[in-house]
> 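The following block contains the structure, expressed as structure tokens.
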Amino acid sequence: MADLHCTPSTLEVDYDKNLTALYKSITDQDWSRAISFCQKYPEQAATWVVRHYEDDESSKEDNKEIMWRFLPLHSACARQPPASFISALLRAYPDAAKCVDDQGMYALHYACGNQATRDVIRLLLVNFPEASTIADPRGMLPIHYVACWGPSTVSVVDMLLVTNSHVGVALDGDGNTALD
């Protein structure tokens, strides 16, 4: 695996208690507002948003089980964002594309699984091309996500194959190629 040269972020907020304005804008899909927050408060692009399971009173606050943990880039890529917003996020926190979430996925996995535009995929690949060759915990590469849920355009498949031609024959955890 490639040496990522990633600056890990230790910033974190609780989704149910102190959600950032940037993340709220992403969940509302208010992209122009999100771009504005990204520019005003770039540290929010590096802030992990965590949601915990509701549990009984016997659990201590800092020991609650995590339901999910995302950077704004991961969450945005699951919502078909405009390339202008992804560009703003990557300017604010360039290492975001190199960060894996609590599910073992990169933003590129989410973008490919949610039919992101060619321009969004290109920005993610330019920022961290190695993500195209790294499998999630189920053994799926981003190209497997494109194969399962379809690309926004055929040029997305071309970009993934140009980035690394071997992904076309890579097997997922079930032994399937993207073509299968």
> Taking the side chain as C-beta and beyond, is there a heavy-atom pair between N127 and L123 under 4.5 Å?
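No, too far: nothing below the 4.5 Å cut-off.
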> Are the side chains of C112 and I143 in contact, using a 4.5 Å heavy-atom criterion?
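No, their side chains stay 4.5 Å or more apart.
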> Sequence neighbours excluded, which residues qualify as ring pair (Phe, Tyr, Trp, His ring centres under 6.0 Å) partners of H109?
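Counting only residues at least two positions away or on another chain, H109 forms a ring pair (Phe, Tyr, Trp, His ring centres under 6.0 Å) with Y145.
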> For A135 and L141, which heavy atoms make the closest approach, and how far apart are they?
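Shortest heavy-atom contact: N-CD2, 3.5 Å.
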> Using a 4.5 Å cut-off between side-chain heavy atoms of Ile, Leu, Val, Met, Phe, Trp and Tyr, which other residues end up in the same hydrophobic cluster as I66?
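Via sub-4.5 Å side-chain contacts, I66 links to V50.
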> Side chains of residues 32-45: which donor-acceptor partners sit under 3.5 Å, not counting sequence neighbours?
unit_1, atom_1, unit_2, atom_2, d
R33, NH1, S25, OG, 3.3
Q44, OE1, L22, N, 2.9

> Scan the side chains in residues 153-168 for donor-acceptor partners under 3.5 Å anywhere in the protein, sequence neighbours excluded, and list what turns up.
unit_1, atom_1, unit_2, atom_2, d
S155, OG, R118, NE, 3.3
T163, OG1, M159, O, 2.7
N164, OD1, H166, N, 2.9

> Under 3.5 Å, which donor-acceptor pairs do the side chains of residues 69-78 form with other protein atoms, sequence neighbours left out?
unit_1, atom_1, unit_2, atom_2, d
R69, NE, E12, OE1, 3.2
R69, NH2, E12, OE1, 3.3
H74, ND1, L71, N, 3.4
H74, NE2, C99, O, 3.0
H74, NE2, M105, O, 3.3
S75, OG, Y23, OH, 3.0
S75, OG, R79, NH1, 2.4

> Below 4.5 Å, heavy atoms only, C-beta onward: do D102 and W68 meet side chain to side chain?
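With C-beta onward as the side chain, the pair touches.
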> My understanding is that only residues two or more places apart in sequence, or in another chain, count here; which of them pass side chain to side chain donor-acceptor pair (under 3.5 Å) with S87?
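In terms of side chain to side chain donor-acceptor pair (under 3.5 Å), with neighbours along the sequence ignored, S87 is linked to R91.
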> Which residues satisfy the salt bridge (Lys or Arg N to Asp or Glu O under 4.0 Å) test with D101, sequence neighbours excluded?
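Applying salt bridge (Lys or Arg N to Asp or Glu O under 4.0 Å) to D101 gives none.
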> Who clusters with V126? Use side-chain heavy atoms, under 4.5 angstrom, across I, L, V, M, F, W and Y, and order the result by chain and number.
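Taking Ile, Leu, Val, Met, Phe, Trp and Tyr as members, V126 stands alone, with no cluster partners.
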> Test your reading of the model: is there a side-chain donor-acceptor pair from N176 to the backbone of D172, 3.5 Å cut-off?
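Looks like no, no N/O pair under 3.5 Å.
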> Side chain of E65, backbone of H52: donor and acceptor closer than 3.5 Å?
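The answer is no, because no donor-acceptor pair under 3.5 Å joins these two groups.
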> Run the side chain to side chain contact (heavy atoms under 4.5 Å, CB included) test on T10 and W48 for me, step by step, so that the C-alpha distance in whole Å, both residues' side-chain angles and the decisive distance to 0.1 Å come before the verdict.
CA-CA 8 Å; T10 57; W48 290 93; over 6 Å; no
> For a 4.5 angstrom cut-off between non-hydrogen side-chain atoms, does D136 reach Y106?
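No, too far: nothing below the 4.5 Å cut-off.
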> Look only at the side chain of N18 and the backbone of D14, and say whether a donor-acceptor pair between them is shorter than 3.5 Å.
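Present.
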> For D16, give me all partners under side chain to side chain donor-acceptor pair (under 3.5 Å), at least two apart in sequence or on another chain.
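For D16, the residues satisfying side chain to side chain donor-acceptor pair (under 3.5 Å) (neighbours in sequence not counted) are R51.
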> Starting from the C-alpha separation in whole Å, work towards a yes-or-no answer on side chain to side chain contact (heavy atoms under 4.5 Å, CB included) for S152 and Q80.
CA-CA 10 Å; S152 59; Q80 298 181 336; over 6 Å; no
> Taking only residues two or more places apart in sequence or in another chain, which ones pass side chain to side chain donor-acceptor pair (under 3.5 Å) with D28?
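By the side chain to side chain donor-acceptor pair (under 3.5 Å) rule, D28 matches K24.
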> What salt bridge (charged side-chain N to carboxylate O under 4.0 Å, His left out) pairs are there with at least one residue in residues 145-156, not counting sequence neighbours?
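Residue pairs with at least one partner in residues 145-156: there are none.
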> Counting distance only, does the side-chain N/O of H144 pair as donor-acceptor with the main-chain N or O of L171 below 3.5 Å?
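No.
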> Do Q103 and Y110 come close enough that some side-chain heavy atom pair is under 4.5 Å?
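In short, these two side chains touch, coming nearer than 4.5 Å.
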> Answer yes if V120 and W31 sit in the same cluster of Ile, Leu, Val, Met, Phe, Trp and Tyr residues linked by side chain heavy atoms under 4.5 Å apart, and no otherwise.
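Yes; tracing contacts between hydrophobic side chains, which count when under 4.5 Å, links both residues.
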> Report the residue from I134, D95, L108 that forms a side chain to side chain contact (heavy atoms under 4.5 Å, CB included) with F128.
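Answer to the side chain to side chain contact (heavy atoms under 4.5 Å, CB included) test with F128 among I134, D95, L108: I134.
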> Do you know the tightest heavy-atom contact between A83 and D119?
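Answer, listing the atom of A83 first, then D119: CB-CB, 3.6 Å.
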> If you define the side chain from C-beta out and look only at heavy atoms, does anything of Q29 sit under 4.5 Å from P81?
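Side chain of Q29 against side chain of P81, heavy atoms only: no contact under 4.5 Å found.
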